[in-house]
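This report concerns only the one structure given below.
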Amino acid sequence: MRNSIIFIVVALAIVFALSVWVDSRIAAGAGAVLLLGGLAYGTIRNAGGSRAGVARAERGAREVREEIAEDEERRGTN
């Protein structure tokens, strides 16, 4: 996590330096590339999980659905 934060700060510093010393159009393009790279990194990093984590999430979702169904039955709405 710490390496990711350092990378983001360095990337922002580079984009800022480009916008100040070169041309704002280059900085805008570099910013767009960095944004797309960040989105791709986040998507890849969050995709999938361990089997235990997925099973725990499925169990939690099932429990929430059951609680909602029980609440509806008690209230008489369905």
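- Distance CD/E70 to CZ/R75: 12.0 Å, rounded to 0.5 Å.
- Applying the side-chain contact (heavy atoms from CB on, under 4.5 Å) rule to R51 yields no partners; only residues at least two apart in sequence or on another chain are considered.
- Qualifying side-chain contact (heavy atoms from CB on, under 4.5 Å) partners for V64, counting only residues two or more places apart in sequence or in other chains: I68.
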